[in-house]
Peer 1: 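Below are the structure tokens for one structure; questions will follow.
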2 protein chains.
Amino acid sequence: MPISNQDLRKAGLKVTLPRIKILELLENSKQHHLSAEDIYKTLLEQGEDVGLATVYRVLTQFEAAGIIQRHHFENNHSVFEIMQEDHHDHLVCLNCNKVVEFTNDVIEKEQHSVADQHGFALTGHSLNLYGYCSDAECQEAFRKK
Amino acid sequence: MPISNQDLRKAGLKVTLPRIKILELLENSKQHHLSAEDIYKTLLEQGEDVGLATVYRVLTQFEAAGIIQRHHFENNHSVFEIMQEDHHDHLVCLNCNKVVEFTNDVIEKEQHSVADQHGFALTGHSLNLYGYCSDAECQEAFRKK
DNA sequence: ATGGCTGCAAACATTTTGCATCCGC
DNA sequence: GCGGATGCAAAATGTTTGCAGCCAT
């Protein structure tokens with residue numbers, strides 16, 4: 001279900017235009033892993049009058065509220081996505097930047113076992129696989145590399 | 001075995017003082033995951049007259065030459081480490097920034113299977129577990145959070 | 001001696017902050 | 001109307017680049 005205005009209020013955030021627009025984008029855009037820049041540019045294109053600073057502020061607040069999640073890929077590409085029910089990891093295409101989500105229970109379980117073995121209190125993790133996706137163009141780029 | 005001057009020459013790199021010093025640091029420092037800033041400051045403390053730009057340039061060249069590896073942790077902490085024989089992943093303490101290496105064959109194998117399933121040509125991956133290490137101080141920070 | 005390497009300063013990209021104004025409640 | 005939220009510009013952060021001089025080969 002989509003994030004409602006109530007959800008925002010519950011997080012102590014007023015329901016303002018920039019916040020609504022940013023949420024909409026994250027929920028409805030086809031590739032729902034967006035960078036701050038992506039969001040900013042798209043809003044400008046839509047004729048919204050927002051500042052890049054606001055985009056960053058809103059994204060930071062949303063992250064703190066647990067509404068969205070932030071990822072730093074090795075690409076040097078930071079992206080945000082709506083928080084989802086089930087945890088998942090990412091496959092990132094180094095050519096077209098496409099992101100594919102996947103889940104794998106075996107890996108998930110192993111991670112906890114590793115943390116335990118080292119006496120770590122696990123609070124999060126990131127698993128990103130980098131490669132070239134199945135698009136002809138990207139496979140081409142892979143061969144050329 | 002340590003990286004030799006020959007190894008540098010083989011990579012098309014002249015054997016210069018900054019390069020030697022940076023290699024020494026990466027090989028001998030206790031916590032062998034260092035940021036560019038760490039390296040720069042340590043060299044200054046040792047009385048070496050290097051520029052931060054040189055540190056970055058050398059690290060980039062070393063990475064291209066396969067001598068070292070670069071990691072971007074979600075901390076917003078980028079670190080470098082000497083390339084090792086066997087691949088390994090990382091446990092990162094969010095309190096003291098300590099990095100612990102681990103290997104897990106089960107996870108390793110699953111990753112390839114996931115990439116295959118999605119038609120990706122896998123070229124690399126990063127798996128980082130974040131949490132609080134077993135140091136009393138860090139466990140304390142974890143409880144307070 | 002020559003071409004790569006260096007330090008410095010300036011440029012860059014990304015993200016954060018200060019502040020006067022604005023707007024949701 | 002109040003206090004949080006915004007846009008803008010400036011600052012902070014992390015990294016890269018241009019350039020004149022330096023040094024390994």
Side-chain angles (χ1 to χ4, degrees), chain A residues 4-25 33-65 67-80 97, chain B residues 3-23 25 33-65 67-80 97:
Chain A
S4 67
N5 292 353
Q6 274 311 320
D7 292 323
L8 288 183
R9 291 205 188 85
K10 221 175 297 171
L13 300 173
K14 285 186 180 170
V15 179
T16 63
L17 215 88
R19 287 180 182 151
I20 293 170
K21 290 295 174 190
I22 291 173
L23 263 187
E24 271 179 14
L25 259 190
H33 294 78
L34 300 174
S35 69
E37 217 29 61
D38 290 338
I39 293 172
Y40 176 61
K41 280 193 204 145
T42 307
L43 290 182
L44 286 195
E45 276 165 25
Q46 293 182 2
E48 301 298 332
D49 180 27
V50 299
L52 183 53
T54 299
V55 173
Y56 276 105
R57 266 186 298 231
V58 168
L59 288 173
T60 303
Q61 293 160 337
F62 282 2
E63 189 190 13
I67 295 174
I68 64 173
Q69 229 180 325
R70 172 187 236 133
H71 303 284
H72 296 283
F73 296 142
E74 304 263 327
N75 281 7
N76 237 336
H77 211 160
S78 287
V79 299
F80 298 83
N97 276 327
Chain B
I3 311 289
S4 67
N5 292 353
Q6 275 310 320
D7 293 322
L8 287 183
R9 291 205 187 84
K10 222 175 297 172
L13 299 174
K14 285 186 179 168
V15 178
T16 63
L17 214 87
R19 287 180 180 151
I20 294 170
K21 289 294 173 191
I22 290 174
L23 264 187
L25 259 190
H33 295 78
L34 300 174
S35 68
E37 224 16 70
D38 289 338
I39 293 172
Y40 175 61
K41 281 194 204 144
T42 307
L43 289 182
L44 286 195
E45 276 167 26
Q46 293 180 3
E48 300 298 333
D49 181 26
V50 299
L52 182 53
T54 300
V55 173
Y56 276 106
R57 265 185 300 231
V58 169
L59 289 173
T60 302
Q61 292 161 337
F62 282 0
E63 189 191 14
I67 295 174
I68 64 174
Q69 229 180 328
R70 173 187 236 133
H71 303 285
H72 296 284
F73 294 143
E74 303 264 326
N75 282 6
N76 237 336
H77 210 213
S78 286
V79 298
F80 298 83
N97 276 328

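The chains referred to below are lettered A, B, ... by the order of the sequence lines, with proteins before strands, and numbering in each begins at 1.
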Peer 1: Identify, between B:Gly12 and A:Leu52, the residue whose nearest nucleotide on DNA chain C lies closer to the 5' end.
Peer 2: B:Gly12
Peer 1: Rounded to the nearest Å, what distance is computed from the CD atom of residue A:Glu48 to the P atom of nucleotide D:dT6?
Peer 2: 12 Å
Peer 1: To the nearest Å, how far apart are B:Leu59 CG and C:dC5 C1'?
Peer 2: 15 Å
Peer 1: Between A:Gln61 and B:Ser78, which is nearer to the 5' end of DNA chain D once each is assigned its nearest nucleotide?
Peer 2: A:Gln61
Peer 1: Between C1' on C:dT6 and CG on B:Leu13, what's the gap in Å once rounded to a whole number?
Peer 2: 14 Å
Peer 1: What is the minimum heavy-atom distance between A:Ala36 and A:Leu52, and which atoms define it?
Peer 2: O-CD1, 4.3 Å
Peer 1: Test A:Lys21 against every option in A:Thr42, A:Val55, A:Leu43 by the side-chain contact (heavy atoms from CB on, under 4.5 Å) rule and name the one that passes.
Peer 2: A:Leu43
Peer 1: Going by side chain to side chain donor-acceptor pair (under 3.5 Å), name the residues that satisfy it together with A:Ser4, two or more places apart in sequence or in a different chain.
Peer 2: A:Asp7
Peer 1: D:dT6 phosphate, OP1 or OP2: any side-chain N/O from A:Thr16 under 4.0 angstrom?
Peer 2: yes
Peer 1: Closest to the A:Val50 side chain: D:dT16, D:dA5, D:dG7?
Peer 2: D:dG7
Peer 1: Could you pull out the closest heavy-atom pair between A:Asp38 and A:His33, with the gap in Å?
Peer 2: OD2-O, 4.5 Å
Peer 1: Which atom names give the shortest non-hydrogen contact between A:Leu34 and A:Leu25, and what distance separates them?
Peer 2: CD1-O, 4.1 Å
Peer 1: What closest approach, in Å, do A:Leu23 and A:Phe62 show between heavy atoms, and which atom pair accounts for it?
Peer 2: CG-CE2, 3.7 Å
Peer 1: Expressed in angstrom and rounded to an integer, what is the separation of B:Asp49 atom CG from D:dC23 atom C1'?
Peer 2: 14 Å
Peer 1: For D:dT25, does OP1 or OP2 lie under 4.0 Å from any side-chain N or O of B:Arg9?
Peer 2: yes
Peer 1: Taking DNA chain C as the partner, which of residues 33-44 of chain A come within under 4.0 angstrom of it by heavy atom?
Peer 2: none
Peer 1: Nearest to the A:Val58 side chain among D:dT6, C:dT16, C:dG24, which nucleotide is it?
Peer 2: D:dT6
Peer 1: Tell me whether the OP1 or OP2 atom of C:dT16 has a side-chain N or O from A:Tyr56 closer than 4.0 Å.
Peer 2: no
Peer 1: Between B:Ala53 and A:Pro18, which residue's closest nucleotide on DNA chain D lies nearer the 5′ terminus?
Peer 2: A:Pro18
Peer 1: To the nearest Å, how far apart are A:Arg57 CZ and C:dT16 P?
Peer 2: 11 Å
Peer 1: Expressed in angstrom and rounded to an integer, what is the separation of A:Arg19 atom CZ from D:dG7 atom C1'?
Peer 2: 14 Å
Peer 1: Between C:dC8, C:dG4, D:dT6, which nucleotide gets closest to the side-chain atoms of B:Lys14?
Peer 2: C:dG4
Peer 1: So does B:Arg70 reach the base of D:dG14 with its side chain, donor to acceptor, closer than 3.5 Å?
Peer 2: no
Peer 1: Given atom CD1 of B:Ile20 and atom P of C:dC5, what is their separation to the nearest angstrom?
Peer 2: 13 Å
Peer 1: Enter the distance from A:Ser78:OG to B:Glu74:CD here, rounded to the nearest 0.5 Å.
Peer 2: 8.0 Å
Peer 1: In this structure, how many angstroms lie between the P atom of D:dT6 and the CG atom of A:Leu17, rounded?
Peer 2: 9 Å
Peer 1: Rounded to the nearest 0.5 Å, what separation is found between the CG atom of B:Leu8 and the CZ atom of B:Arg19?
Peer 2: 7.5 Å
